[in-house]
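Notes follow the structure.
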Amino acid sequence: MDWRVRAIRGATTVSDNSVAAIREAVIELLDELETRNQLDPDEIISLTFSVTKDLDAIFPAAIARERPHWHNVPLLDVQQMHVEGSLEKCIRFLIHINLPIQTQVYHPYLRGAKNLRPDWNLTPVHSS
């Protein structure tokens, strides 16, 4: 079976800047990512989270690091560039992972982030 590096995007929003709200949203987002894409954490190359400037109660990577089998996944948190009028209280991710070439990829956009990429919202992206 042939494999290649794939990138998966996703995003969600939180109700408020609290550890509980961010934890709930990150767990929901990563559960959706893993379930829809049937990911094996051992195949993850890296995952970068970006958060809007109004979220600073906890690092999303700290929450991801608590997941079973994610202790060796390289994780990074960054602040999303601020653009006036853009979606607030938003957590985004970009994951790079080794997947079989014919694997369909699902990009989870949840909650208030569904409108960021309606063309990708739970629609499989076929490999070429």
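Residues His71 and Pro41 form no side-chain contact, since every pair of their non-hydrogen atoms from C-beta on lies 4.5 Å or further apart.
The hydrophobic cluster around Val78 extends to Leu76, counting ILVMFWY residues whose side-chain heavy atoms fall within less than 4.5 Å of a member. Hydrophobic clustering, defined by side-chain heavy atoms of Ile, Leu, Val, Met, Phe, Trp and Tyr closer than 4.5 Å, leaves Phe59 isolated from every other such residue.
Legend: residues meeting side chain to side chain donor-acceptor pair (under 3.5 Å) with Glu66, ordered by chain and number and at least two apart, are Arg23. Evaluation of the side chain to side chain donor-acceptor pair (under 3.5 Å) rule for Asp56 yields Asn17 as partners, not counting sequence neighbours. Checked against side chain to side chain donor-acceptor pair (under 3.5 Å), Asp31 has the following partners two or more places apart in sequence or in another chain: Arg67. Residues satisfying the side chain to side chain contact (heavy atoms under 4.5 Å, CB included) criterion with Ser18, sequence neighbours excluded, are Asp16, Ala20, Ala21. When the side chain to side chain donor-acceptor pair (under 3.5 Å) test is applied to Ser86, no partner is found at least two apart in sequence or on another chain.
With hydrogens and angles ignored, the 3.5 Å screen pairs no side-chain donor or acceptor of Asn37 with any backbone N or O of Leu39. Checking side-chain atoms of Arg117 against main-chain N and O of Arg9 turns up no donor-acceptor pair under 3.5 Å. Under a 3.5 Å cut-off, the side chain of Asp2 and the backbone N or O of Ile101 do not form any donor-acceptor pair.
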query: What's the verdict on side chain to side chain contact (heavy atoms under 4.5 Å, CB included) for Glu32 and Thr12, showing C-alpha distance, side-chain angles and the deciding distance?
result: CA-CA 11 Å; Glu32 190 75 12; Thr12 191; over 6 Å; no
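Residues Thr13 and Ala113 come closest through the heavy atom pair CG2-N, 3.8 Å. The two atoms that bring Leu29 and Pro108 nearest to each other are CD1-O, 3.6 Å, heavy atoms only. Among all heavy-atom pairs drawn from Ile91 and Pro60, the shortest one is CG2-CG, 4.3 Å. The heavy-atom pair separating Ala64 from Leu75 by the smallest distance is CB-CD1, 3.9 Å. In terms of heavy atoms, Trp3 sits closest to Asn98 at CZ3-O, 3.3 Å.
Here Arg36 contributes atom CZ and Ile8 contributes atom CD1; the two are 13.0 Å apart, rounded to the nearest 0.5 Å. A distance of 10.0 Å separates CD of Gln104 from CD of Gln38, quoted to the nearest 0.5 Å. Here Asp40 contributes atom CG and Glu34 contributes atom CD; the two are 9.0 Å apart, rounded to the nearest 0.5 Å. Taking OG1 of Thr103 as the reference point, atom CD1 of Ile97 lies at 9.0 Å (rounded to 0.5 Å). Atom CD1 in Ile58 sits 4.0 Å away from atom CD1 in Ile63 (nearest 0.5 Å).
Residue Glu88 qualifies as open at atom CD: its count of foreign heavy atoms under 6.0 Å is 12 or below.
Pairs passing the salt bridge (Lys or Arg N to Asp or Glu O under 4.0 Å) check and including a residue from residues 98-112, sequence neighbours excluded, read Glu24-Arg111, Glu28-Arg111.
Follow the hydrophobic side-chain contacts under 4.5 Å out from Leu110 and you reach Val105 in the same cluster. Note: the hydrophobic cluster containing Ile27 also contains Leu55 (ILVMFWY, side chain heavy atoms under 4.5 Å, direct or indirect links). Criterion: ILVMFWY side-chain heavy atoms under 4.5 Å apart, direct or through other members. Under it, Leu94 and Val26 are not part of a common hydrophobic cluster.
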Return all side-chain donor-acceptor pairs below 3.5 angstrom for residues 44-54, not counting sequence neighbours, or 'none' if the list is empty.
unit_1, atom_1, unit_2, atom_2, d
Ser50, OG, Gln80, OE1, 2.6
Thr52, OG1, Asp54, OD1, 2.5
Thr52, OG1, Lys89, N, 3.1
Thr52, OG1, Cys90, N, 3.0
Asp54, OD1, Lys89, N, 3.2
Asp54, OD2, Lys89, N, 3.0

